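Below is one structure, written out as structure tokens; the observations come after it.
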Amino acid sequence: MAEEEVKKEKSGKGLIIVLLVILILLVIGIGVLAFLLLSGGDKSNGNHVAETEMHADANYGDEGAASAENMGHVKTYSPKYKQLEPPEPNTPPMYFTMDKFVVNFNGDGQAKYLAVDLKFMSYYAGLVGENGEMEHLRPILKNDIQRLLRNQHYNDLNTPDGPDKLRAEILATAKKILEKHNIYPDLLEDVYMTRFVMQ
């Protein structure tokens, strides 16, 4: 009889432990479910807000694109610079051709002469047109670009990106000259080398 009471006591304790474990798991499960439901609601609200913001950005972008399309390549700049006549919408680019450059340069025993032909590009006829501002600055441009070319080194130019680096330096030199003469430098968009020979 004493053994039966011990067994009943043990089985009662075991049953209580099993019920407590089940109860704890049930409480944890309900807590996780409640958390997922509440956080899922927040996510949908967050998505709704994000969609609204994206929609607002898209409208703004469309309006910005429309106004940029109407303006074409017109640039707005400080009145401290000389104001040039803006280009018409859909105006093709215009080019200012420099005289051929042939200079002695540091060939490092590989070459002695560097020959470069340049065309500067802009949409502003008042800058690169036949009687544009760059025509009046031609002697200064020629002098400063020749100096830049004479200071080049064969080993620097004879790399895959050597000519592109030189183009960037030439453009920076030309823009510096424009700014010095009270012309907005970013009206000059780019420079192209139509000939580049080292010999």
Side-chain angles (χ1 to χ4, degrees), residues 60-199:
Y60 177 74
D62 290 344
E63 289 171 11
S67 63
E69 186 178 301
N70 290 340
M71 290 188 61
H73 297 282
V74 174
K75 296 190 184 290
T76 55
Y77 51 94
S78 170
K80 76 175 188 173
Y81 294 109
K82 185 173 187 176
Q83 299 296 306
L84 300 178
E85 185 71 29
E88 294 292 322
N90 301 321
T91 298
M94 301 178 70
Y95 299 92
F96 176 76
T97 304
M98 291 292 298
D99 299 332
K100 299 178 184 313
F101 291 95
V102 180
V103 297
N104 290 334
F105 80 119
N106 188 351
D108 296 326
Q110 303 291 325
K112 294 181 181 178
Y113 299 102
L114 174 63
V116 178
D117 292 354
L118 300 175
K119 287 186 181 258
F120 289 95
M121 190 270 282
S122 176
Y123 292 94
Y124 280 74
L127 181 64
V128 295
E130 192 174 307
N131 292 317
E133 296 296 326
M134 288 188 72
E135 184 62 45
H136 305 300
L137 298 173
R138 185 182 291 274
I140 301 167
L141 288 163
K142 186 165 178 93
N143 178 70
D144 289 7
I145 293 171
Q146 275 182 333
R147 183 181 329 124
L148 175 68
L149 294 175
R150 282 193 303 269
N151 290 327
Q152 298 302 307
H153 293 273
Y154 176 82
N155 292 335
D156 295 334
L157 294 176
N158 196 32
T159 62
D161 61 344
D164 290 330
K165 287 181 180 176
L166 179 60
R167 274 183 56 219
E169 289 178 26
I170 291 169
L171 184 60
T173 299
K175 284 184 173 189
K176 199 180 296 183
I177 292 168
L178 292 179
E179 188 161 28
K180 185 177 178 183
H181 289 87
N182 215 27
I183 299 166
Y184 185 59
D186 287 343
L187 297 181
L188 189 62
E189 304 260 341
D190 212 338
V191 62
Y192 300 99
M193 290 191 277
T194 55
R195 179 174 72 145
F196 178 79
V197 179
M198 295 187 292
Q199 62 182 22

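Not measured: the values here are computed from a predicted model.
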* When you look at R150 and N104, which way does the side-chain contact (heavy atoms from CB on, under 4.5 Å) test go after all the steps? -> CA-CA 6 Å; R150 282 193 303 269; N104 290 334; 5.7 Å; no
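- Residues D190 and R167 meet the side-chain proximity criterion, which asks for heavy atoms closer than 4.5 Å.
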* Apply the test side-chain contact (heavy atoms from CB on, under 4.5 Å) to residues Q152 and K165: give CA-CA distance (whole Å), side-chain angles for both, the deciding distance (0.1 Å), then the verdict. => CA-CA 11 Å; Q152 298 302 307; K165 287 181 180 176; over 6 Å; no
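- Under the 4.5 Å side-chain criterion, counting only non-hydrogen atoms from C-beta, R147 is in contact with D144.
- In this structure, Y124 and Y77 have perpendicular ring planes: the angle between them is above 60°, well past the 30° mark.
- In this structure, the side chains of L166 and M193 come closer than 4.5 Å at one or more pairs of heavy atoms.
- Taking 4.5 Å as the limit, some side-chain heavy atom of H181 sits within range of a side-chain heavy atom of I140.
- At a threshold of 4.0 Å, the pair E135-R138 counts as salt-bridged, since one of the basic side-chain nitrogens sits closer than that to a carboxylate oxygen.
- Within the 4.5 Å cutoff, side-chain heavy atoms of L187 are placed close to those of K75.
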* To do: Please assess Q83 against Y184 for the test side-chain contact (heavy atoms from CB on, under 4.5 Å), listing each intermediate value before the final yes or no.
  => CA-CA 8 Å; Q83 299 296 306; Y184 185 59; over 6 Å; no
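- Atom OG1 of T159 and atom OH of Y154 lie 10.5 Å apart (nearest 0.5 Å).
- The distance from atom CG of L149 to atom OG1 of T173, rounded to the nearest 0.5 Å, is 9.0 Å.
- N182 contributes a side-chain N or O that, together with a main-chain N or O of K80, makes up a donor-acceptor pair within less than 3.5 Å.
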For residues 92-100, please give each side-chain donor-acceptor pair under 3.5 Å, one per line with the distance, not counting sequence neighbours.
from, atom 1, to, atom 2, distance (Å)
T97, OG1, K119, NZ, 3.2
K100, NZ, D117, OD2, 3.2

